[in-house]
Each structure stands twice: as C-alpha cells, then as structure tokens.
Protein chains: 2
Amino acid sequence: MSHTHVHESHEQLKDALDTLKQTGVRITPQRHAILEFLVESMTHPTADDIYKALEGTFPNMSVATVYNNLRVFREIGLVRELTYGDTSSRFDFITTEHYHVICESCNKIVDFHYPGLDEVEQFASHVTGFEISHHRMEIYGKCPSCSNKDLH
Amino acid sequence: MSHTHVHESHEQLKDALDTLKQTGVRITPQRHAILEFLVESMTHPTADDIYKALEGTFPNMSVATVYNNLRVFREIGLVRELTYGDTSSRFDFITTEHYHVICESCNKIVDFHYPGLDEVEQFASHVTGFEISHHRMEIYGKCPSCSNKDLH
DNA sequence: TGTTACTTTATAATCCTTATAAACAGTGTA
DNA sequence: TACACTGTTTATAAGGATTATAAAGTAACA
C-alpha cells in the first residue's frame with residue numbers, strides 16, 4: 001500500500017512535469033519542489049504551508065515565488081485553488097475528480113469520490129440559461145476523532 | 001409581481017427584526033438599514049457594497065459597523081456569508097434554501113432551487129465516518145448576457 | 001558570445017477584515 | 001432626576017493574505 005502510494009506519486013509528478021514541458025513552462029528547482037510537495041502531501045496546504053515546508057531546502061525562496069507558481073499551476077490545470085471560509089486559500093493537486101469533507105472543529109479535509117452531479121448542472125443550466133463550466137461542493141461536519149473528544 | 005415582491009420583502013424584514021428582539025440584539029438605525037438593504041437587494045453584496053450603499057443615509061457610519069453587524073446577523077442565523085473565489089465575502093439574507101450559479105465573466109450570482117443533496121451527505125458520512133452538518137455547492141459558468149457579448 | 005525572454009528574489013503596496021479605545025446611547029435603579 | 005451599567009458606534013490602527021514592482025539571476029538560442 002505504501003509502496004503503491006509512492007509509485008503513484010512518482011507517476012503523478014512525472015505527468016505534471018510533462019505537462020509543464022508541453023505548456024512551455026520552465027521546470028525550475030523551485031517549481032519541481034512545489035509540485036513534489038503538493039503531489040505527496042495529503043493535506044491541502046496553504047501557500048504559507050508550502051513556503052515553510054520548503055524553506056529548509058530553499059532558504060532564499062520568496063513567498064512570491066510560491067504564489068506565482070501556484071497561479072501558473074492553476075492556469076495550466078495542474079492545481080485547484082480552494083477558497084473555503086478560512087482566511088487563506090488551500091491548494092490541491094488535481095488527480096481524479098473528488099469532493100471534500102471538512103471538519104468544522106479541527107479543519108481536517110478528507111477526500112471522497114462521488115459520481116459527478118451532472119444532473120444538477122443540467123438543471124441549473126435549464127432554469128438560468130447559463131452555459132455551465134463546472135461546479136464545486138463541500139460537505140461540513142465533525143470528523144471521527146473530534147467526535148470522540150467530545151465524549152470525554 | 002413587483003407589488004408581491006415589495007410585500008414579501010416587508011414581511012421578511014419584519015421577521016428579521018422580530019428575531020433581533022427575541023435574541024436581545026438592539027435594533028439600531030444602522031442595523032435596520034443594513035438588514036433592509038440585504039432583504040431588498042438581489043445582488044449578494046460585499047461588506048463594502050453595503051457600506052457604500054448606506055453612506056448617503058449614514059455619512060458617519062464606520063466600515064467596522066458593517067462588518068460587526070454582518071457578524072451578528074450571521075451568528076443569529078439571519079445572514080449567510082459566501083466565500084467564493086473572489087477576494088471578498090458576499091452576504092446573503094437567508095430565506096429559503098437555494099444554490100447559486102455564478103458567472104465567471106461578470107461575477108453575477110443567480111439563485112436556483114434544487115432538492116437538497118441529502119444522498120451525497122449520507123454517502124460522505126458513510127465513507128468518511130464524519131457527522132455531517134451541512135454542505136455547500138455552487139455552479140460556475142457564463143450568464144446569457146455575457147454569452148451574447150462573446151458573439152460580437 | 002551576446003541577446004532575449006523568463007524566473008526568482010526582496011520589498012513595498014494593496015486590499016479585506018479585525019482589534020482597540022474612546023465617545024455615545026439606551027436601560028434600569030435608587 | 002441622577003447615576004451606573006451595558007451594548008453600540010465611531011475612528012483609527014493593526015493584522016494577514018495576496019499582488020505589484022524592480023532588480024538580479026538564469027536558461028535558451030541565434
């Protein structure tokens with residue numbers, strides 16, 4: 001399982017780097033590291049999380065570099081920006097389509113898969129006349145470990 | 001139709017003011033005006049929109065007053081805060097449950113009704129073990145008038 | 001090699017939101 | 001009425017996230 005995960009991450013990183021090449025975006029050490037961190041992290045990090053995580057390896061890296069490159073990645077479709085209620089955006093490496101469940105007490109984010117809500121999009125298009133491009137959905141609640149804490 | 005709308009707005013405002021009384025929140029002129037503006041506006045305004053809209057009537061009102069009262073209204077369930085992709089929050093007077101379609105080119109927000117996605121919540125609860133409290137969903141696309149502009 | 005375009009860095013600026021403290025207003029009580 | 005108490009508004013400062021700017025660095029390429 002862990003072995004599989006490592007292997008998948010490696011593939012995903014390779015694919016992402018290929019996309020960079022195809023799009024004509026240079027693969028700098030910083031970009032490589034940011035992508036690698038995103039692919040391997042399961043935590044939906046903020047820009048600052050990424051900055052802090054990499055400052056050991058890149059002591060001189062600027063926060064602006066993180067933001068700039070996250071924007072680049074978003075524009076070429078490698079990364080999704082999540083604007084939840086909290087103050088700062090979180091960033092999510094795009095693999096397969098999935099939704100998020102968010103713990104309202106510890107802010108943990110857990111992925112889950114669910115067949116796309118195409119009917120909702122079609123319905124909305126019908127009643128509003130919009131050309132629909134996509135949708136977002138998040139579910140809020142309390143994670144198992146926070147539920148347990150409340151019992152004590 | 002217009003007459004009906006005015007009448008409904010009036011009822012909604014009255015109900016909201018009743019809620020304030022019941023909750024022990026004082027009805028100040030500023031609060032009255034902010035609520036009235038929210039009820040009658042169909043535009044999901046930002047805090048700054050509200051501030052600008054009322055500065056004619058309240059030349060000395062502080063931005064903090066708008067933010068403070070929007071927080072109060074949110075806490076007692078009169079108002080919902082929408083944190084979409086753009087930089088600032090938008091505020092929505094809560095009437096009946098509905099979802100939003102957002103135009104990616106002019107940022108217009110249109111309401112639409114759709115039966116709640118209870119199955120999705122139940123599914124998420126099942127696979128993640130979360131206690132679910134609620135969800136949010138928005139649909140993105142291009143509104144009819146922006147679609148037309150693109151044709152010329 | 002030299003030129004060009006892209007990238008990073010460092011820093012300043014911007015924007016949204018919240019915190020703070022003083023002034024103000026309403027409410028209740030002696 | 002006078003007084004104290006509490007909640008509210010105001011004005012302003014402070015905070016935090018993100019973007020803009022300009023200079024320095026680096027890769028690509030004629």
Side-chain angles (χ1 to χ4, degrees), chain A residues 16-17 19-37 44-76 78-92 107, chain B residues 16-17 19-37 44-76 78-92 107:
Chain A
L17 295 173
T19 305
L20 290 190
K21 268 181 205 146
Q22 287 163 21
T23 328
V25 175
R26 281 191 202 154
I27 303 174
T28 65
Q30 293 88 339
R31 283 180 179 156
H32 191 283
I34 294 172
L35 271 180
E36 191 174 27
F37 181 78
H44 311 80
T46 63
D48 197 58
D49 291 337
I50 300 172
Y51 177 64
K52 286 204 172 59
L54 300 182
E55 72 182 355
T57 329
F58 297 90
N60 295 322
M61 186 169 65
S62 166
V63 211
T65 301
V66 177
Y67 279 101
N68 287 338
N69 289 326
L70 287 172
R71 175 160 30 81
V72 170
F73 296 157
R74 170 163 52 78
E75 283 167 356
I76 64 181
L78 286 178
V79 159
R80 173 166 302 142
E81 182 173 357
L82 311 172
T83 55
Y84 294 158
D86 46 355
T87 44
S88 47
S89 287
R90 297 170 172 280
F91 295 87
D92 196 12
N107 290 317
Chain B
L17 294 173
T19 306
L20 290 191
K21 268 182 207 147
Q22 286 163 22
T23 328
V25 175
R26 281 192 202 152
I27 304 175
T28 65
Q30 292 88 339
R31 282 181 178 155
H32 191 284
I34 295 173
L35 271 181
E36 190 174 28
F37 181 78
H44 311 82
T46 63
D48 197 58
D49 291 337
I50 299 172
Y51 176 64
K52 288 204 170 61
L54 299 182
E55 71 181 354
T57 329
F58 297 89
N60 294 322
M61 185 171 63
S62 167
V63 212
T65 301
V66 177
Y67 279 101
N68 287 340
N69 290 325
L70 287 171
R71 176 159 32 79
V72 171
F73 297 156
R74 172 162 52 76
E75 284 167 356
I76 64 180
L78 286 179
V79 159
R80 172 166 300 142
E81 183 174 358
L82 310 173
T83 56
Y84 294 158
D86 46 355
T87 42
S88 46
S89 288
R90 296 170 172 279
F91 295 87
D92 198 10
N107 290 317

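Within every chain, numbering begins at 1; the chains are lettered A, B, ... in the order of the sequence lines, protein sequences first and strands thereafter. The structure displayed is predicted, hence computed values, not measured ones. These numbers come from the heavy atoms of this one structure, side chains and all, not from hydrogens, waters or symmetry mates.
Identified under the salt bridge (Lys or Arg N to Asp or Glu O under 4.0 Å) test for residues 54-75 of chain A, with sequence neighbours left out: A:Arg74-A:Glu81. For the side-chain hydrogen bond (donor to acceptor under 3.5 Å, both in side chains) condition, the pairs that include at least one residue of residues 23-32 of chain A, sequence neighbours left out, are A:Arg31-A:Asn69.
In this model, the phosphate group of C:dT18 is not approached by any side-chain N or O of B:Tyr67 to a distance below 4.0 Å at OP1 or OP2. OP1 and OP2 of C:dT17 both lie 4.0 Å or more from every side-chain N or O belonging to A:Thr87.
For A:Asp92, the side chain to side chain donor-acceptor pair (under 3.5 Å) criterion is met by A:His98, A:His100, not counting sequence neighbours. Residues passing the side chain to side chain contact (heavy atoms under 4.5 Å, CB included) test with A:Asn107, sequence neighbours excluded: none. Listed by chain and number, the residues in a side chain to side chain contact (heavy atoms under 4.5 Å, CB included) with B:Thr57 amount to none (sequence neighbours excluded).
In this structure, A:Asp48 places its CG atom 10 Å from C1' of D:dG16, rounding to the nearest Å. Computed from coordinates, the A:Phe91 CZ to D:dA17 C1' distance equals 10 Å when rounded to whole Å. Rounded to whole Å, the distance from OH on A:Tyr51 to P on D:dG16 is 15 Å. Look at CD on B:Glu81: it is 11 Å from C1' on C:dC16, rounded to the nearest Å. Rounded to a whole Å, the CZ atom of A:Arg71 is 12 Å from the C1' atom of C:dT7. Note: CG (A:Asp49) to C1' (D:dG16) measures 14 Å, nearest angstrom.
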Report summary line: Scoring nucleotides 5-11 of chain D by protein non-hydrogen atoms under 4.0 Å (B base, S sugar-phosphate only, - none) yields -BSSSBB
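Looking at A:Asp49 and A:Thr46, their side chains do bring a donor and an acceptor atom within 3.5 Å of each other.
Among the atoms of the strands shown, only primed sugar atoms or phosphate atoms (P, OP1, OP2) are found under 4.0 Å from some heavy atom of A:Ser89.
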